[in-house]
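The structure appears right after this line, and notes come after that.
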Amino acid sequence: MDIKKILCGLTAALMLTGCSDSFLDTDNLTSKDSSNFPKTVSDAYEIVTGIYRPMMGDSDTPYNNPLFVAELMSDERFGAAGKDDPPCQAVASFSKDNDNQYQGFWSRMYQGIYRCNFLFDSEAGIDWTGQEEARNNILGQGYFMRAFYFFDLVKFFERVPMPLTAEPANLPQSEPDEAYGQIASDLLKAMNLLPNTKHEGMNGVGTDGHATKWAAEALLARVYLFYSGYYGKDTITLPNDEGTVTKADVIKYLEDCINNSGHRLADNFGELWPYSAAGDYWLNKEQGWSWLGDNTGWQGWEGQTQGFRENPEFVFVGKHAYGQQMYGRNLTALFFGIRYQSAAYNPNAEENDDFWGGTYPFGQGWGGGTITPDIWNTWDDNDIRKRASILNVDDPSEVLPDGSHLVYHDNGFHQVEDTHMFNKKYIAINVHTDVSKYEGGNRDYQNSITDGVPLWWYCVPDILTKTDNDFMSCIFMDDIWIRFADVLLMHSELTGTADGMNKVRARVNLDPVGYSLDNLIAERRHELAFEGLRFFDLKRWGKLDLLDAHRTNVPAYCDGELRIVNVRYRPETKGWLPIPDQEIIKSNGVLTQNAGWASNEGNFSGQY
């Protein structure tokens, strides 16, 4: 099943409504509702597809997307973007633009949970005859995804309701012990139900957007590390007298993933990220990198490796869909792109400058999530991951294919908090190719194609026949939720051994080191930079003081003026987000607001 192609084509069956009495008691023969759906295994697979849809996030509002929010809350990002993007700057400063800023985030997580619960509630009515293997796979994916959505909620909001059926109920907030017990229970069920299919070649295990047993084992380790680290408890108690999960259990599951999943580190770090699709980019030429792809149709940059390539490292990814471009796009990657470099929107650009050429292969976006300087300044230049992860537009190494230094213009449409540094992992990417292939396409009139075409135009040529094929609507890179590198690093942390950590270091030709928490912290910072994990690592290690240390007294350009930027953490929030006010109102007071987020607290006033 190609989940990337069908996510945006979900049937109306997933917008389920109950039946109501009518003056005619007849069977529903024309549409799907809870009276006739789901009945078959095929119906159940439709529900599973719908379960994954909320994970794609919001195509219009970036702060409804967990990856985006997690990154802006970390010490390595500013909110940035433009003067007209105060909600994004509010995320970074632990403030709120309005009392319901995270309503979309909250609702999407519960939408996913509802769909999981609907699947479980409907199980008895599905004809599984001769389909026991499919049943286990379908239910296993449901349990994994319910745990995934619940974990997103508790790590951002802490105490949240935990509905386990699709029946409406005004539930109180669960305490952490109960919540983490339920999450662990769901993941154990997923492990027992999902097949032992190994990642092998191009079989899609880990890369096709579906949950696997191996992903469940890895996610349980991530859940355990956060729970034990933040709450100081070394055992998770499961619900309904199901037992406990200990550190030894988690290590055992991780070792099963390491030894039996078929996953391994990719040979080259840079080939994990879409910019390695541009074969004429200096770093790819220097290192010999060529993108491993994401199974959408990447066949190698012209003159380089042709055909699909195995990506053994991705354990679980979130897919973004093409076909209805804008509604399936990766908005986080768009937001982190470079802001307005053309003369139409940038007073410092030359008349013939276009959006794409000067910073090739990195494309246009909204200029958000600029990188704070500490990570660049303290990262060893001998670690290739530094320049493989950060675009520093002032770095002499950053040259265009003709050997000239890239061209970057300050003050793209009122850019603020511009440190001249952007991440390379989640960002719009362009590639050079035969221009004649793209003549006549429906492009933004400002966008020259002489300096590259969006990567997914190249991967999916039929996008050119669509009406919404502009640069903003054509970013479909995966969200990489779990990598095998993280599996190895979590194993090192839990066992207090350096084996996994040194395997990660060896890939980038770094010498082995002995195990210490400091070494582990540094390795996670560099290997997993800008992947949505840093803030939660700091939180479980008790190091949120680094937020102010790395985001205050920083020189950055704001609306064309060099200023000293200070983005401060509000410790009274303890790092939790506010529950949307309308959810508290709807609950008639059953839900209570998190500390530091009363209606008169944390209101973002802006500084630009």
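For reference, positions follow the sequence shown, starting with 1.
A side-chain donor from one of His320 and Asp479 sits under 3.5 Å from a side-chain acceptor of the other. Under the 3.5 Å distance criterion, with hydrogens and angles disregarded, no donor-acceptor pair is assigned to the side chains of Gln89 and Ser93. Remark: the Asp410 side chain and the His420 side chain contain an N/O donor-acceptor pair separated by less than 3.5 Å. For Asp85 and Tyr63, the side-chain atoms include no donor-acceptor pair closer than 3.5 Å. Thr372 and Asp374 share no side-chain donor-acceptor pair at under 3.5 Å. Side-chain contact of Asp383 with Trp379: a donor-acceptor pair under 3.5 Å is present, judged by distance alone. No hydrogens or angles considered: a donor-acceptor pair under 3.5 Å links the side chains of Glu398 and Tyr281.
Under a cutoff of 6.0 Å and an axis angle of 45°, Lys386 and Trp376 form a cation-pi pair. Figure legend: cation-pi geometry between Arg570 and Trp597, with NZ or CZ positioned under 6.0 Å from the six-membered ring centre and within 45° of its axis. The side-chain tip of Arg222 does not point at the ring of Phe536 from less than 6.0 angstrom away and within 45° of straight on. At least one cation-pi condition fails for Lys96 and Phe604: the charged atom is not both under 6.0 angstrom from the six-membered ring centre and inside a 45 degree cone around its axis.
Between the side chain of Asn594 and the backbone N or O of Phe157, at least one donor-acceptor pair lies under 3.5 Å. A donor-acceptor pair under 3.5 Å is formed between the side chain of Ser492 and the backbone N or O of Met501. With hydrogens and angles ignored, the 3.5 Å screen pairs a side-chain donor or acceptor of Thr419 with a backbone N or O of Ile371. Listed for the Arg551 side chain is a donor-acceptor partner under 3.5 Å among the backbone atoms of Ala92. Between the Thr359 side chain and the Phe362 main chain, a donor and an acceptor come within less than 3.5 Å of each other. Listed for the Thr370 side chain is no donor-acceptor partner under 3.5 Å among the backbone atoms of Asp418. Put simply, the side chain of Lys319 never gets that close to the backbone of Arg53: no donor and acceptor are under 3.5 Å apart. A distance-only check finds no donor-acceptor pair linking the side chain of Gln415 to the backbone of Gly82 [under 3.5 Å]. Side chain of Asp75 to backbone of His550: no donor-acceptor contact under 3.5 angstrom is found. Without hydrogens or angle criteria, Gln101 side chain to Pro87 main chain gives a donor-acceptor distance under 3.5 Å.
Note that SG of Cys88 and CZ of Phe78 are 15.0 Å apart. Values are rounded to the nearest 0.5 Å. Rounded to the nearest 0.5 angstrom, Met73 CE and Leu544 CG are separated by 8.5 Å. Considering NZ of Lys155 and CG of Asp152, their distance stands at 4.5 Å, rounded to 0.5 Å. Atom-to-atom distance recorded for Leu283:CG and Leu391:CG is 11.0 Å, nearest 0.5 angstrom. Tyr408 OH to Asn392 CG: the interatomic distance, rounded to the nearest 0.5 Å, is 11.0 Å. Distance CG/Asn65 to CG/Asn330: 8.0 Å, rounded to 0.5 Å.
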Yes or no on side chain to side chain contact (heavy atoms under 4.5 Å, CB included) for Phe336 and Leu72, after CA distance, side-chain angles and deciding distance?
CA-CA 11 Å; Phe336 291 154; Leu72 294 200; 4.1 Å; yes
Test log, rule salt bridge (Lys or Arg N to Asp or Glu O under 4.0 Å), inputs Arg507 and Asp267:
CA-CA 7 Å; Arg507 173 169 58 180; Asp267 293 338; over 6 Å; no
Please assess Lys503 against Arg264 for the test side chain to side chain contact (heavy atoms under 4.5 Å, CB included), listing each intermediate value before the final yes or no.
CA-CA 10 Å; Lys503 288 178 182 177; Arg264 60 177 174 81; over 6 Å; no
Please determine whether salt bridge (Lys or Arg N to Asp or Glu O under 4.0 Å) holds for the pair Arg505 and Glu523, giving the CA-CA distance in whole Å, both sets of side-chain angles, and the decisive distance to 0.1 Å.
CA-CA 8 Å; Arg505 291 175 60 82; Glu523 196 59 33; 3.1 Å; yes
Audit row: Tyr230, Trp576, ring-ring contact (aromatic ring centres under 6.0 Å, His included) steps and yes/no:
CA-CA 12 Å; Tyr230 185 77; Trp576 305 114; 5.4 Å; yes
Run the numbers on Val154 and Val160 for side chain to side chain contact (heavy atoms under 4.5 Å, CB included), then give the verdict.
CA-CA 7 Å; Val154 299; Val160 300; 3.9 Å; yes
Show the numbers, then the answer: is there a ring-ring contact (aromatic ring centres under 6.0 Å, His included) between Tyr275 and Trp291?
CA-CA 7 Å; Tyr275 67 80; Trp291 189 36; over 10 Å; no
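Between Gly367 and Phe422, the shortest heavy-atom distance links the atoms CA-CE2, 4.4 Å. Nearest heavy-atom pair, Phe335 versus Gly369, reported as atom, atom and distance to 0.1 Å: CE2-N, 3.8 Å. Between Tyr608 and Cys558, the shortest heavy-atom distance links the atoms CE2-SG, 3.5 Å. Residues Asp402 and Ser404 approach most closely at OD1-OG, 2.6 Å, considering heavy atoms. Taking both residues in full, the closest heavy atoms of Ala266 and Leu292 are given as CB-CD1, 3.9 Å, listed atom of the first, atom of the second, then distance. Here the closest non-hydrogen pair linking Ala485 and Val504 is O-CG2, 3.9 Å.
Every salt bridge (Lys or Arg N to Asp or Glu O under 4.0 Å) that Glu531 has, sequence neighbours left out, goes to Lys425, Arg483. Applying the side-chain contact (heavy atoms from CB on, under 4.5 Å) criterion to Pro401, with sequence neighbours excluded, gives Asp280, Tyr360, His432.
In this structure, Phe413 has its ring center no closer than 6.0 Å to that of Trp366. Aromatic pair Phe314/Phe484: ring centres not closer than 6.0 Å. Between Tyr569 and Phe94, a ring centre-to-centre spacing shorter than 6.0 Å is recorded. Taking the six-membered ring wherever Trp is involved, the centroid distance between the rings of Phe105 and Phe68 does not fall below 6.0 Å. Ring centroid separation for the pair Trp106 and Tyr149 does not come in under the 6.0 Å cut-off.
Residues Trp481 and Leu67 are in side-chain contact: their nearest non-hydrogen atoms beyond the backbone lie under 4.5 Å apart. Between His414 and Asp84 there is no side-chain heavy-atom pair separated by less than 4.5 Å. For the pair Asp486/Leu528, a side-chain contact is recorded, criterion being any heavy-atom separation below 4.5 Å from C-beta on. Between Val393 and Leu406 the shortest side-chain heavy-atom distance falls below 4.5 Å.
Each of Arg540, Arg534, Lys539 was checked for a side-chain hydrogen bond (donor to acceptor under 3.5 Å, both in side chains) with Asp537, and the lone residue meeting it is Arg540.
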